[in-house]
There are 2 protein chains.
Amino acid sequence: MANRNDVAKWAGVSEATVSRVFSGGAVKEATRRKVLAAAEKLDYLPNTVAQNFAKGRSGHIGIILPYLPKVRLFSVDYFSELLSGFGEAVREVGYDLLLLLRSPEEQDYSELFRARKVDALVILGAKEAPEQKAALAALKKEGQPFCLIDQQFMGSGFNEIVADNIAGGYMATQHLVNRGYRKIAALSGPMVYSNARDRFHGYKLAMEEASLAIRDQDLLQGNFSRKSGYEAALRLMQQGLPDAVFAANDRMAIGLIQGLKEAGVLAGRDIAIVGFDNADASKMCDPALSTVDVPYFEMGKTAARRLLQQIFTGERQPFHERLPVQLVVRDSCTRASEKITF
Amino acid sequence: MANRNDVAKWAGVSEATVSRVFSGGAVKEATRRKVLAAAEKLDYLPNTVAQNFAKGRSGHIGIILPYLPKVRLFSVDYFSELLSGFGEAVREVGYDLLLLLRSPEEQDYSELFRARKVDALVILGAKEAPEQKAALAALKKEGQPFCLIDQQFMGSGFNEIVADNIAGGYMATQHLVNRGYRKIAALSGPMVYSNARDRFHGYKLAMEEASLAIRDQDLLQGNFSRKSGYEAALRLMQQGLPDAVFAANDRMAIGLIQGLKEAGVLAGRDIAIVGFDNADASKMCDPALSTVDVPYFEMGKTAARRLLQQIFTGERQPFHERLPVQLVVRDSCTRASEKITF
DNA sequence: GTGAAAGCGCTAACAA
DNA sequence: TTGTTAGCGCTTTCAC
């Protein structure tokens, strides 16, 4: 493989001109063609590392994802959607994605910037913990561009792209209300996550609007895992079944369905259940899970685009977008007589 | 943030010495401490981009993953395991992971190396197509280190880390045989994937060993999707049910279970089904799916380690490792009377 | 063990 | 529009 020098000679121009051709500078069309021909001939491609180095940047957007060996804290359910969204956005401008697996204690975010590994950061699975918040606040003070996904820190001024989790919880619950259910329980995620809080909030709104009482026993606390859903089923069996349950994610909803089934209680017949995320698994369980679809692809694309914009313009106006969600009705909340195929 | 020059002055040494401290050169302990103190004081971290540039490398291992907008060709099921494995390996040597979403037509692998975006490539979802093979052969000829995951091209000499798919297919089928099933069908994945071929091969071996006939109608062709499993159920209903089915992955197995269930045929009662992958969903479906566990984490770690080794040593001896798999028995192939809880 | 200095391949400011 | 040239921050010989 040739270097720029060879190409310059071959095309009869200076190295700078070769550079301009490859980085979109102003070059006469004839010259551009000569250079491209030479490059083609000599099999030349600019060295990305050198380019980025000279530009004083990395050309990467870092994706922080929670990593605990052997524990799957991070829900892989919508990961591929999100990634595709990031990928779509960065590809438009020639950036790349740097994957950064980090255990919750490793909050060396600032170092990632100072070591020039990334020009911006997308942070997945951030939770409302003092150290977490402090690490992010520090980043912000340094003026480093980063964005949280589906997680918000009230009053922090952080960049955030979230789903309309309140609306989702509301729609799901309202749907249950409209179907005539009255005793509607909520199986929540960890309240350190704002999306868990918001989904629960939406549930409450719908209950209040319908003037339905939320009894203490209707408040189930899970941790987003299938297991915690399964355990919630045991509790429900002991304390008496509600008419319906709104679960804050699909994994818990599925665990719940499984736990109840083992006790002879069938979702979609004896009890109605709605989940959240529209994960792949929601179509794999039995009955198929009614759920709330979250536009993860769009969220990813939006987040990356806005970050790139901040990188390029240098402007740091905080952004905060909330994307709409959609109820997906399947069998887990449908009466046997009106079952639909999906 | 300070640069190396400041640190050098502060510590009273030359820049070269600072460099040595941070890249593990030979430095007197006292000097090393002085430099580190200065760096700490001045909040200095070496610029990764500059380091890599000077070293003439990128410091990245690229992960190619199949990307089709809106289509989930790539099974996300074991993606997180694999990633964690890569991550574990690269972290040991300060490398990073570059995520490269590529549609099947985009086989610009060589450019990734020539543009210095990556020092090595892990290629996921490679299939036995002429262009694919040609692109990989070209890479190999150029001496670029890359590795395929769970996919092999016979006689190619490519680096490959695979699961023992033949053994997996064999074990799964043998288990069905041992349980007394005789008419055992196979639901295969696309034969362009070597793992699909091998899993099927394992099935055949077990059938032959047990002197069981494989009737034409026992050979079902799917495409690894849940839908194709669902459709296979329809076929089975028409042509008459076998005693058991070995499905080449969990998604198809789950689709199959769902399709059969709609026709009133229950897996684990009326028919035995075993899948492959031990995906998350295998615990979410009903009945819980018996399957073959694949050590994706280990495979990822191994692949990345071997590639790093090739990067550092410059040696290009092809490697090929086959990791053992394990049968996981759940309810989909268990008779009602002997059901176990997992 | 440490310092001096020549690159690494590119960008960008300045000239022409 | 194009050429010249000074960096960008580090690694790496080569002396000392």
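Within every chain, numbering begins at 1; the chains are lettered A, B, ... in the order of the sequence lines, protein sequences first and strands thereafter. What you see is a predicted model, and the numbers here were worked out from it, not measured in a lab.
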Atom [atom1] of [X] to atom [atom2] of [N]: distance rounded to whole Å?
X        : N      : atom1 : atom2 : value
A:Asn5   : D:dG3  : CG    : C1'   : 14 Å
A:Glu15  : D:dA6  : CD    : P     : 14 Å
A:Tyr44  : C:dG9  : OH    : P     : 10 Å
A:Lys34  : D:dT1  : NZ    : P     : 14 Å
A:Arg32  : D:dT2  : CZ    : C1'   : 13 Å
B:Leu45  : D:dC10 : CG    : C1'   : 14 Å
A:Arg116 : D:dG9  : CZ    : C1'   : 10 Å
B:Lys117 : C:dC10 : NZ    : P     : 13 Å

C:dC10 phosphate, OP1 or OP2, under 4.0 Å from A:Arg4 side-chain N/O: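 Looking at the OP1 and OP2 atoms of C:dC10, one of them is under 4.0 Å from a side-chain N or O of A:Arg4.
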Can you tell me if B:Thr17 touches the phosphate of C:dG3, counting only side-chain N or O atoms and a distance under 4.0 Å to OP1 or OP2?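 Answer yes for this pair, as a side-chain N or O of B:Thr17 is under 4.0 Å from OP1 or OP2.
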Report yes if some heavy atom in the side chain of B:Asn47 is under 4.5 Å from a heavy atom in the side chain of B:Gln51; otherwise report no.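 Of all side-chain heavy-atom pairs linking B:Gln51 with B:Asn47, none is under 4.5 Å.
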I want to confirm an ordering. Mapping B:Lys55 and A:Ala16 to their closest nucleotides on DNA chain C, which one lands closer to the 5' end?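 Checking each residue's closest nucleotide, the 5'-ward one belongs to B:Lys55.
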More 5' along DNA chain C: B:Ala54 or B:Ala26, using each one's nearest nucleotide?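 Whichever sits nearer the 5' end wins; that is B:Ala26.
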Under a 3.5 Å cutoff, is there a donor and acceptor pairing between the side chains of A:Tyr193 and A:Gln152?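 Per modelled atom types, A:Tyr193 and A:Gln152 side chains form no pair under 3.5 Å.
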Looking only at the side chain of B:Thr31 (C-beta and beyond, no hydrogens), which of the listed nucleotides C:dG9, D:dC10, C:dG1 gets closest?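 It is C:dG1.
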What nucleotide among D:dC8, D:dC10, C:dG1 has an atom nearest to a side-chain atom of B:Lys28?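 Among D:dC8, D:dC10, C:dG1, the one nearest the side chain of B:Lys28 is C:dG1.
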Please report whether the ring centroid of B:Phe158 lies less than 6.0 Å from that of B:Phe146.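 Centroid distance B:Phe146-B:Phe158: below 6.0 Å, so yes.
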Using the ring centroid of each side chain, check whether B:Tyr95 and B:Phe312 are separated by less than 6.0 Å.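 Yes: the rings meet the under 6.0 Å criterion.
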Sugar-phosphate, base or nothing in reach of [X], heavy atoms under 4.0 Å:
X       : value
A:Val27 : sugar-phosphate
B:Arg20 : base
A:Val13 : sugar-phosphate
A:Phe22 : nothing
B:Asn47 : sugar-phosphate

Looking at B:Glu92 and B:Arg305, is any side-chain nitrogen of the basic one under 4.0 Å from a carboxylate oxygen of the acidic one?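 Result for this pair is yes, salt bridge flagged.
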What do you reckon, do A:Phe53 and the base of C:dC10 stack, with centroid distance below 5.5 Å and planes below 30°?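 Stack criterion not met.
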